[in-house]
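Structure, as structure tokens:
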Protein chains: 2
Amino acid sequence: MDLRRLRALQAVVDTGSVTAAADQVGYTPSAVSQHVAALERETGAVLLERAGRGIRPTEAGRLLAEHARDLMAKVAEAEAAISALQSGNLGTLRVVSFPTAGASLIPPALAMVRQELPHVEVALRVAERDDSMPMLRQGEVDVVVTVGDFAAGEAPRDGLTWVHLLDDPYRLVLPRGHRLAGRRVIDLAELAEDDWVETMCGVGCCQEASSKAFRNAGYEPHWTVEADEYWPAQGFVAAGLGVAMIPSLGLGVLHDSVVVRRLRKDKEPVRHVWAATRPALLGNTPVKTMLRALEQAAGEHVRAMRDGPRAR
Amino acid sequence: MDLRRLRALQAVVDTGSVTAAADQVGYTPSAVSQHVAALERETGAVLLERAGRGIRPTEAGRLLAEHARDLMAKVAEAEAAISALQSGNLGTLRVVSFPTAGASLIPPALAMVRQELPHVEVALRVAERDDSMPMLRQGEVDVVVTVGDFAAGEAPRDGLTWVHLLDDPYRLVLPRGHRLAGRRVIDLAELAEDDWVETMCGVGCCQEASSKAFRNAGYEPHWTVEADEYWPAQGFVAAGLGVAMIPSLGLGVLHDSVVVRRLRKDKEPVRHVWAATRPALLGNTPVKTMLRALEQAAGEHVRAMRDGPRAR
DNA sequence: CGATCGGTGCACAGTAGTTGCATGGGCTAT
DNA sequence: ATAGCCCATGCAACTACTGTGCACCGATCG
């Protein structure tokens, strides 16, 4: 059974004439007649009978035309659904991010997506890179926001599409009364004798940059307490348990009793924050929108860091 | 949008593999791949993405495949409906008959149809030939049972299909005490002086044969009362208002006080009773069944007339 | 690292679809 | 009654499409 034939039959039944049907569907009367003849061969039923110099649909013809109408409606429905999905009026966008981005980068980006594509459902999960990348490759999620060990412009050619979001610099967090609190820029070496609050953000892929910075400064810091997140870490600093080195994305909210200071530009450790997706999804409106939103949110974060009164 | 393509896509999404889908629908993997590619071109959506050495359907692919499943179900539904209609498990059979057949011929025929095709609706109307034939030609009804002015084997070539059912002989109906009531066969000429009960069955096309018989007998009968149907006419005869000539089909029920007698075979007027349908309907199971049933009912009526104890 | 598997692109063969034209039946106006 | 027109259909020719076979490429597995 062929949709064009059913369409032709439906037109014939609707108009009551082969010629008018031909006009309607843009064929010649001959083509319409042959389509109906083919349907009659396939179904074994007589669909039209001659009536005077025109034709009249039989009961079978009317019945099949009725079903054809149903089918056309279903086809239109399918097309509408696909085009809705294409334009982002439907579907689910599945995003995974690493924990810190989940606080400062994702919320504004998601807000933008939800505003632009209000009918898209967004499913957000938080996971480290070792978990999130396989999920992306296996098609369980559509967009991953993660820390990469490669700098901007050095995206790996691994079959995925990488979008550089920002280089997230580590900052020093000092208690308000710290001897270096008055300085705007601090060299890591100056803190060799201080106590340190350790921050274990999950499995520590984001620790690489910071530990390298300590190696370069020539000492291993003296850890006092270990915080499992960046916000409690601020509390430990405020309580005087030590100083901490925290990436700027982790400083979205600040404790009253701490100050944030930059490290010397040339020795400033950074986390390369990337978004990744599968190339097949680049035509996907929600994915495109999300990537755009992430870039914009990242840009705004960078601007806020540069201009912000608290140097965060 | 093409059903074959949707079918291919559905198979791919179901099996998760182009090759397996090709096996399922009986194509080569290349053909399936190209069908999906065509769908992607038409919809502008990516339906499949490569995953390892296989493929994985995208959200759009799954969505479209789901709609394809719906469509296939609708197509199967349409095919089932048509084949049900073909086999006579569906639909409406519209029959028109002349009044007398509506009493003796139609009921057993309809009973047979309803038994053989219990799901077919039957719409029965009663009309004279001048009304019923246009109805048949215009497609308002499917089968007409009527009195024809042509004998068996002389069906007109008028674009319709005619089936001879029976030659319905006129009978004499006499009151029990009539002077000729003891005879089995009567010559019409013997009743020249009797009073007659006239029977006007509608517009009187069925009167032709009887009036010709009177002309042949050489007299014009003396009409006393006019009955609009055959059953009341029996009542008039029973009441002694005269004798009547009534076709055998009109004698399905007999009044207690009348007797039925044959006319001389060579002068016996008959009504040619025919069924007609449009040739396009000859493939229609209900129509075929109805025609067969009518022939059978007619045969049984003829047998009953021949063997019946009351010579009707 | 070679072998194999799965998917895809390309050229070709076969088939189906579309058109234009001729035919035939049926209605209508003269 | 009849000529003319209209509508549907069959036929031949051309066109477009579809399916196949083969080669290629990337990915996986031994």
Side-chain angles (χ1 to χ4, degrees), chain A residues 1-9 11-42 46-58 61 65 133-134 136-139 156-161 278-280, chain B residues 1-9 11-42 46-58 61 133-134 136-139 156-160 278-280:
Chain A
M1 265 216 204
D2 187 286
L3 286 179
R4 275 170 305 185
R5 290 180 177 162
L6 290 175
R7 182 163 182 64
L9 173 68
V12 171
V13 172
D14 282 354
T15 62
S17 144
V18 173
T19 306
D23 284 346
Q24 190 175 305
V25 299
Y27 290 151
T28 58
S30 179
V32 172
S33 178
Q34 288 175 62
H35 274 161
V36 176
L39 278 177
E40 290 188 332
R41 247 181 289 117
E42 287 170 17
V46 179
L47 302 174
L48 302 180
E49 54 176 325
R50 304 216 48 156
R53 64 182 172 188
I55 51 90
R56 180 182 35 243
T58 64
M133 294 319 293
L136 179 62
R137 289 181 189 283
Q138 283 161 36
R157 308 225 281 72
D158 58 357
L160 297 177
T161 301
R278 295 192 300 283
Chain B
M1 259 208 211
D2 187 285
L3 286 179
R4 277 170 303 186
R5 290 180 178 160
L6 290 175
R7 182 162 181 63
L9 173 67
V12 171
V13 172
D14 283 354
T15 63
S17 145
V18 172
T19 306
D23 283 346
Q24 189 176 306
V25 298
Y27 290 154
T28 57
S30 178
V32 171
S33 177
Q34 287 175 64
H35 275 160
V36 175
L39 279 177
E40 290 188 333
R41 247 181 290 118
E42 287 171 17
V46 180
L47 302 174
L48 302 179
E49 56 176 326
R50 305 214 48 157
R53 64 183 173 187
I55 52 89
R56 178 183 35 244
T58 64
M133 296 317 294
L136 179 62
R137 289 181 190 282
Q138 283 162 36
R157 309 228 279 67
D158 59 356
L160 297 176
R278 295 192 300 282

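Residue numbers start from 1 in every chain, and the chains themselves are labelled A, B, ... in the order their sequence lines are given, proteins ahead of strands. These numbers were taken from a predicted model, which means no experiment stands behind them.
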message: Closer than 4.0 angstrom, basic N to acidic O: yes or no for A:R137 and A:D158?
response: yes

query: Is a side-chain donor or acceptor of B:S33 paired with a backbone partner of B:P29 at a separation under 3.5 angstrom?
result: no

query: Less than 4.5 Å apart, any side-chain heavy atom of B:R5 and any of B:V36?
result: no

field: 5' priority, DNA chain D, between A:R53 and A:R4 [closest heavy atom]
entry: A:R53

- prompt: What integer distance in Å separates A:D23:CG from C:dT19:P?
  reply: 12 Å

query: Does A:S33 make a side-chain donor-acceptor contact with the base of D:dG10, cut-off 3.5 Å?
result: no

query: What does A:R56 touch in the nucleic acid at a heavy-atom separation under 4.0 angstrom: a base, only the sugar-phosphate, or nothing?
result: nothing

field: Interatomic distance, B:L39 CG vs D:dT18 C1' [rounded to whole Å]
entry: 14 Å

query: So which heavy atom on B:L48 is nearest to which on B:P57, and how close?
result: CD2-CA, 3.8 Å

field: Value in whole Å for how far the P atom of C:dG7 lies from CG of B:L47
entry: 15 Å

message: I'd like to know if the side chain of B:E49 reaches the main chain of B:R56, judged simply by a donor and an acceptor atom lying under 3.5 Å from each other, with no hydrogens or angles considered.
response: no

- prompt: Whole Å only: how far is the CG atom of B:L160 from the C1' atom of C:dG26?
  reply: 15 Å

message: Without decimals, in angstroms, what is the distance between A:R50 CZ and D:dC7 P?
response: 11 Å

- prompt: Tell me: CG of A:L3 to P of D:dC17, nearest whole Å?
  reply: 17 Å

- prompt: Is any side-chain nitrogen or oxygen of B:T19 closer than 4.0 Å to OP1 or OP2 of C:dG7?
  reply: yes

task: Measure the distance from CZ on A:R5 to C1' on D:dC17 and round it to the nearest whole Å.
output: 13 Å

query: 5'-most contact on DNA chain C: A:G26 or B:G54, nearest heavy atom basis?
result: B:G54

task: May I ask you to verify if any side-chain N or O of A:H35 is less than 4.0 angstrom from the OP1 or OP2 atom of C:dA16?
output: no

statement: Sorted by position of nearest nucleotide on DNA chain D, 5' first, the leading residue of A:G16 and B:T28 is A:G16

query: Which of the following nucleotides, C:dA16, C:dG7, C:dT18, is nearest to the side chain of A:Q34?
result: C:dT18

- prompt: Of all the nucleotides listed (C:dG24, C:dT19, D:dG19), which has the minimum atom distance to the side chain of B:A31?
  reply: D:dG19

message: Counting distance alone, no hydrogens or angles: does the base of C:dG20 have a donor or acceptor under 3.5 Å from a partner atom on the side chain of A:S30?
response: yes

task: For B:Y27 and D:dT20, give me the distance from atom OH to atom P, rounded to whole Å.
output: 8 Å

